[in-house]
Visitor: 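Here it is, the structure, as structure tokens.
Everything numeric in this text was worked out from a predicted model, so none of it was measured. Only heavy atoms go into these numbers, but all of them, side chains included; no hydrogens, no water, no symmetry mates.
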Amino acid sequence: MRTKNNKRYRTFANKLHREIFLTVLAAALLPCFIVTIALYYLIFNVMSGQLGIPEAIAYNIIPAARKVSLYLILAAPASVCIILILAYRITYRIIGPFDRIVRELDECVKGKKLDHIVIRKKDKFQPLVNSINKLIDKRK
């Protein structure tokens with residue numbers, strides 16, 4: 001059963017996770033919009049420059065513009081989604097252990113916990129956790 005307070009079912013682990021994810025979202029969408037605008041500007045600039053030239057060129061440019069539009073409609077959202085999924089997974093492997101390390105260090109400072117800090121194998125910060133565990137061993 002999902003509860004609102006259960007951290008495992010939250011979309012973002014904390015504010016830092018949300019900030020990193022939104023930064024990656026902006027970094028993915030901004031170039032996508034710039035490329036889209038630049039391509040349409042190029043197509044319509046070429047078309048307006050060719051108005052005095054025979055209609056055969058216009059007949060070739062309009063289908064090309066349609067193909068470009070189709071590729072943009074299909075490729076841009078797909079590539080942005082892939083980038084966001086990868087960014088979410090990577091940031092979750094960073095932010096989750098970060099919160100756990102901070103929480104467990106606070107418990108060690110308060111004297112509630114004297115055991116080692118344990119994180120999942122795929123999580124980041126393993127060298128930091130190993131060093132902290134050495135400090136905890138010295139303290140015992």
Side-chain angles (χ1 to χ4, degrees):
M1 193 158 73
R2 289 185 177 200
T3 61
K4 193 173 189 177
N5 293 331
N6 192 342
K7 290 182 181 180
R8 185 177 281 296
Y9 295 113
R10 290 183 188 171
T11 303
F12 297 107
N14 59 22
K15 289 181 182 179
L16 180 62
H17 189 203
R18 187 178 313 119
E19 288 175 15
I20 292 171
F21 188 78
L22 291 177
T23 303
V24 171
L25 175 64
L29 289 179
L30 187 63
C32 188
F33 287 131
I34 290 172
V35 167
T36 302
I37 291 168
L39 281 173
Y40 279 110
Y41 177 76
L42 176 68
I43 289 169
F44 290 115
N45 195 13
V46 168
M47 284 181 67
S48 66
Q50 303 296 331
L51 289 178
I53 298 182
E55 293 180 5
I57 294 175
Y59 289 122
N60 289 328
I61 290 177
I62 291 173
R66 287 187 181 141
K67 282 185 180 181
V68 168
S69 297
L70 179 67
Y71 290 142
L72 284 175
I73 289 171
L74 297 176
S79 62
V80 169
C81 285
I82 290 169
I83 289 170
L84 292 179
I85 289 169
L86 292 174
Y88 183 82
R89 287 184 179 177
I90 291 169
T91 56
Y92 203 80
R93 293 288 181 190
I94 294 170
I95 299 301
F98 176 79
D99 284 344
R100 184 179 182 126
I101 292 167
V102 171
R103 186 177 62 246
E104 292 196 19
L105 281 175
D106 287 341
E107 290 177 5
C108 287
V109 168
K110 292 177 184 176
K112 293 181 180 178
K113 180 178 172 139
L114 298 173
D115 296 337
H116 284 182
I117 297 173
V118 179
I119 59 174
R120 295 177 293 233
K121 290 180 181 180
K122 291 185 177 182
D123 288 342
K124 307 300 180 193
F125 297 120
Q126 191 64 45
L128 176 64
V129 170
N130 291 340
S131 297
I132 292 170
N133 287 337
K134 288 177 188 176
L135 283 172
I136 291 172
D137 286 340
K138 283 185 178 181
R139 194 173 150 197
K140 287 182 181 180

Visitor: With a 4.5 Å cut-off on side-chain heavy-atom distances among I, L, V, M, F, W and Y, is there a chain of contacts connecting Ile20 to Leu86?
Guide: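 No; tracing contacts between hydrophobic side chains, which count when under 4.5 Å, never links both residues.
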Visitor: For the hydrophobic clusters of this structure (ILVMFWY residues joined by side-chain heavy atoms under 4.5 Å, transitively), does one cluster hold both Ile73 and Val80?
Guide: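 No, Ile73 and Val80 fall in different hydrophobic clusters.
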Visitor: Kindly compute the distance separating CD1 (Ile34) from CG (Leu39), expressed to the nearest 0.5 Å.
Guide: 12.0 Å
Visitor: Taking all non-hydrogen atoms of both residues into account, name the closest pair between Val118 and Glu104 and its distance.
Guide: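 Of all heavy-atom pairs spanning Val118 and Glu104, the closest is N-OE1, 4.1 Å.
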Visitor: If you take all heavy atoms of Ala27 and Pro31, which pair is closest and at what distance?
Guide: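 So the two residues come closest at O-CD, 3.0 Å.
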Visitor: Establish whether Tyr71 and Val35 are linked, either directly or via other cluster members, by ILVMFWY side-chain heavy-atom contacts under 4.5 Å.
Guide: no
Visitor: Using a 4.5 Å cut-off on heavy atoms from C-beta on, say whether the side chain of Leu70 contacts that of Arg66.
Guide: no
Visitor: Mind checking the CD-CG spacing from Gln126 to Asn133? Nearest 0.5 Å is all I need.
Guide: 8.5 Å
Visitor: Any ion pair linking Lys15 and Glu19 (charged N to carboxylate O, less than 4.0 Å)?
Guide: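 Judged by the 4.0 Å cut-off on N to carboxylate O distance, Glu19 and Lys15 do not form a salt bridge.
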Visitor: List the residues meeting ring pair (Phe, Tyr, Trp, His ring centres under 6.0 Å) with Tyr88, not counting sequence neighbours, and say none if there are none.
Guide: His17, Phe21, Tyr92
Visitor: So, do Asp99 and Leu16 sit near enough that their side-chain heavy atoms are less than 4.5 Å apart?
Guide: no
Visitor: Taking the side chain as everything from C-beta on, heavy atoms only, tell me whether Pro97 gets closer than 4.5 Å to Val129.
Guide: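 Counting from C-beta outward, Pro97 and Val129 never come under 4.5 Å.
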Visitor: Of all the heavy-atom pairs spanning Phe125 and Ile94, show the shortest one and how long it is.
Guide: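 Of all heavy-atom pairs spanning Phe125 and Ile94, the closest is CE1-O, 3.2 Å.
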Visitor: Going by the side-chain contact (heavy atoms from CB on, under 4.5 Å) test, name the single residue among Asn130, Leu105, Leu128 that passes it with Ile117.
Guide: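 Single pass found, and it is Leu105.
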Visitor: Group every Ile, Leu, Val, Met, Phe, Trp and Tyr by side-chain heavy-atom contacts under 4.5 Å, then state whether Phe33 and Leu84 land in the same group.
Guide: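 Both belong to a single hydrophobic cluster.
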Visitor: Grab the two heavy atoms, one from Ile136 and one from His116, that are nearest each other, plus how far apart they are.
Guide: CG2-CD2, 4.4 Å
Visitor: Measuring from Ile101:CD1 to Asp106:CG, what's the distance to the nearest 0.5 Å?
Guide: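 Between atom CD1 of Ile101 and atom CG of Asp106 there are 12.0 Å.
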